[in-house]
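Proteins come first, then strands; the chains are lettered A, B, ... in the order of their sequence lines, and each starts at number 1. What you see is a predicted model, and the numbers here were worked out from it, not measured in a lab.
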Amino acid sequence: MKNDILQALQIVSPIQLEEQMLVRPAHAKLGDFALPCFQFAKVLRKSPVAIAEEIAASVKHPLIQKAEAVNGYVNLFLNREVIATALLQTVLQKSATYGSSNEGNSGVVTIDLSSPNIAKPFSMGHLRSTVIGNSIALLLEKNGYQPVKINYIGDWGTQFGKLLTAYRKWGNEEDVRQAPIETLLKLYIRFHEEAESVPSLNDEGRAAFKALEDGDTDALALWEWFKTESLKEFQRIYDLLGVTFDSYNGEAYYNDKMEPVVQQLEDKGLLVESDGAMVVQLEEDMPPCLIKKSDGATLYATRDLAAATDRKNNYDFVKSIYVVGNEQSLHFTQIKKVLGKMGHEWENDITHVPFGLILQGGKKMSTRKGKIVLLEKVLKEAIGLAQKNIEEKNPALANQSDVAEAVGVGAILFSDLKQHRKHDIEFNLETMLQVEGETGPYAQYANARAHSILRKAGEANTFDVVEVNDYEWETIKLLEQFPLAVKRAANDLDPSIIAKYAVDLAQAFNSFYGNVPVLSDEANLPYRASLVRCVTIVLTESMRLLGMKAPEEM
RNA sequence: GUCUCAGUAGCUCAGUAGGAUAGAGCAACAGCCUUCUAAGCUGUGGGUCGGGGGUUCGAAUCCCUCCUGGGACGCCA
């Protein structure tokens, strides 16, 4: 639509126009599009006011109803009825595929997301990675890519040496059987507390990890056990969130895939010794990348290099995305540099999608100090609150527990996805549980109300648009922008664009049905019901792209 | 100290391919349930866009500089 307008202006413009020159006016009263003419004044040696007046006087196009020159701007008012008719027909016809594209040309994109650590609780931080990654996968899919979601479980590393040490010193089988993650977490916290006064514990931990890596049977058995119990607990959360994965290949999966990478680094002369450890030197302003510890054990970077190579070989990705916290930015820069030095030109296809930390009291939460908020508790609380709301507001509702789950989980998901990824978030349960204003339940409620109207409106096969009022027009303009929002969100790998869009659309729709009768105005019923239908289509699809459910009744 | 991310209303945040009077939500206050579900709608008040320079017809947006906060910075992941 914007291009049509631009072409119409181009015909009468004395200057070559570009897409970004056409802007949206500050207020709806000023029109639907505007062309500021100040930028042309110098070239044309005429006042912007005069230029705007000339353009406004001569522009002509079926989509443009009126053009006004105001203070150097050409303000354009579109032909609402023509646009509304075409748009509603398009949305009705395309339904859920409205806004889809095949821009991605079926290229595979691997997405590293969630990646919780074994023997540690699923924290709020993992929630961000999980829901942002999941939404990015859905967005890429809608744009024609083939996403592959990889849950790179943190099931290897020195931390397990520490945990094994702690378990052997203070733990017992019975407690772990009773409450696996809780017990293991306590042991882990105790380890770090005691290590502060007894630093030799850290050496013991490292030695235990070395033993694990060398295949010690006893250590391996314990590790397997911890892992099985943890995964069971994680699965409960994934079920609630409605997130699935294409691969659960965690860090341990790469144990036998690191040596070839290390060998390659050595063959290319990139590996050098430094203080007993093996490192790859990078640019001056960047610390070297540690490949092997002085005791010969591997490190995080070693595994990530092996994993990146393995993913390229297996999936031949066009893009490889890592949805991992801000604090690991340096790590990923280093990984890319090392891959580049190895001669892999696909280092450029690797993208770290960082996100802000969840803070408590302005500080990072730390598992080691036991400062952590459990996601499962938060989800349960949100679902409980939704259930309470249903009992109060709509006690006759069927499938109450399903709806409560959809709404409770939706509230949590949305509160996370609506803000830009890079913002640190101060943890605030109250904010997350909100159901009014710019929230998930608000969008869900608008959609439920729309469905409610449709249930009473009956089926209409055709509609005529006689006149589009301001409420309808705002809603229609938003519907028109959905494909653009989808494209931007996919390109920027930023679900918050869709979340904000969903709120905007819900607001416009709420305002519309709060002020305009749908059912009681029979002449306009087919048209307005069609508009409502389109709103449900686009709202539902928006929420789907965020990983949220959109109940038809709540 | 170096690198990096951020700083917009009392609070949480949009807006950052430069455009008109900087917008929402929450909280506060005032209305609206005999009319499509009040998880809603309508209205009011609320601002040195961290400070200071610069570029531009025009800057919250671009550049420089300073201040504040988060995070990272070799044997954790």
What interatomic distance, in whole Å, is found between [atom1] of [M] and the corresponding atom of [N]?
{"N": "B:C73", "M": "B:G58", "atom1": "C1'", "answer": "42 Å"}
{"N": "B:U68", "M": "B:A24", "atom1": "P", "answer": "34 Å"}
{"N": "B:C29", "M": "B:G10", "atom1": "C1'", "answer": "15 Å"}
{"N": "B:U44", "M": "B:A22", "atom1": "P", "answer": "16 Å"}
{"N": "B:U61", "M": "B:U56", "atom1": "C1'", "answer": "13 Å"}
{"N": "B:U16", "M": "B:A6", "atom1": "P", "answer": "14 Å"}
{"N": "B:A17", "M": "B:G45", "atom1": "P", "answer": "31 Å"}
{"N": "B:G19", "M": "B:A59", "atom1": "C1'", "answer": "10 Å"}

So [X], base contact, sugar-phosphate only, or nothing? Heavy-atom distance under 4.0 Å.
{"X": "A:L290", "value": "base"}
{"X": "A:A277", "value": "base"}
{"X": "A:G154", "value": "nothing"}
{"X": "A:P354", "value": "nothing"}
{"X": "A:L330", "value": "sugar-phosphate"}
{"X": "A:V532", "value": "nothing"}
{"X": "A:S520", "value": "nothing"}
{"X": "A:M554", "value": "base"}
{"X": "A:V324", "value": "nothing"}
{"X": "A:D504", "value": "nothing"}
{"X": "A:A301", "value": "nothing"}

Would you confirm whether the ring centroid of A:Y73 sits within less than 6.0 angstrom of the ring centroid of A:F38? yes
Taking the six-membered ring for Trp, is the centroid-to-centroid distance between A:F160 and A:F209 below 6.0 Å? no
As its Watson-Crick or G-U partner within any shown strand, both distances under 3.5 Å, B:A39 has none
Nucleotide opposite B:A6 in a Watson-Crick or G-U pair, distances under 3.5 Å: B:U68
Between [atom2] of [N] and [atom1] of [X], the distance in whole Å:
{"X": "A:D155", "N": "B:C76", "atom1": "CG", "atom2": "C1'", "value": "15 Å"}
{"X": "A:E436", "N": "B:G25", "atom1": "CD", "atom2": "P", "value": "12 Å"}
{"X": "A:Y322", "N": "B:A77", "atom1": "OH", "atom2": "C1'", "value": "14 Å"}
{"X": "A:E327", "N": "B:U4", "atom1": "CD", "atom2": "P", "value": "17 Å"}
{"X": "A:Y442", "N": "B:U37", "atom1": "OH", "atom2": "P", "value": "16 Å"}
{"X": "A:Q434", "N": "B:A27", "atom1": "CD", "atom2": "P", "value": "6 Å"}
{"X": "A:N326", "N": "B:A72", "atom1": "CG", "atom2": "P", "value": "10 Å"}
{"X": "A:Y445", "N": "B:G40", "atom1": "OH", "atom2": "C1'", "value": "5 Å"}

What does the B/S/- profile of nucleotides 11-24 of chain B look like, 5' to 3', with a 4.0 Å heavy-atom cutoff to protein? --SSS---BB--SB
Using a 90° cut-off around 0 for syn, call B:C41 syn or anti. anti
Donor-acceptor pair between A:H126 and A:S129 side chains, under 3.5 angstrom: no
Respond yes when some side-chain nitrogen or oxygen of [X] is under 4.0 Å from OP1 or OP2 of [N], and no when none is.
{"X": "A:K292", "N": "B:C75", "answer": "no"}
{"X": "A:Y513", "N": "B:U35", "answer": "no"}
{"X": "A:R449", "N": "B:C41", "answer": "no"}
{"X": "A:S329", "N": "B:U4", "answer": "no"}
{"X": "A:S511", "N": "B:U42", "answer": "yes"}
{"X": "A:R303", "N": "B:A77", "answer": "yes"}
{"X": "A:K422", "N": "B:C5", "answer": "no"}
{"X": "A:S452", "N": "B:U37", "answer": "yes"}

Does NZ or CZ of A:R311 come closer than 6.0 Å to the centre of the six-membered ring of A:Y152, within 45° of the ring's axis? yes
A:F191 ring centre to A:K162 NZ or CZ under 6.0 Å, with the angle to the axis within 45°? no
Hey, could you give me the CG/CD1 distance between A:L385 and A:I390, rounded to the nearest 0.5 Å? 10.0 Å
First encountered from the 5' end of RNA chain B, between A:L359 and A:N510: A:N510
The side chain of [X] lies closest to which of these nucleotides: [options]?
{"X": "A:K456", "options": "B:G40, B:U37, B:C76", "result": "B:U37"}
{"X": "A:L357", "options": "B:C75, B:G70, B:A77", "result": "B:G70"}
{"X": "A:Q159", "options": "B:G40, B:A77, B:G74", "result": "B:A77"}

Going through the distances and angles, do A:F33 and A:V74 end up as a side chain to side chain contact (heavy atoms under 4.5 Å, CB included)? CA-CA 8 Å; A:F33 284 108; A:V74 180; over 6 Å; no
Would you indicate whether the side-chain heavy atoms of A:V532 and A:F512 approach each other to under 4.5 Å? yes
With heavy-atom distances below 4.5 Å as the criterion, would you say the side chains of A:D32 and A:N75 are in contact? no
Any salt bridge between A:K388 and A:E391, counting N to O under 4.0 Å? no
Decide yes or no on side chain to side chain contact (heavy atoms under 4.5 Å, CB included) for A:I181 and A:L184, but give the supporting numbers first. CA-CA 5 Å; A:I181 291 192; A:L184 294 173; 5.6 Å; no
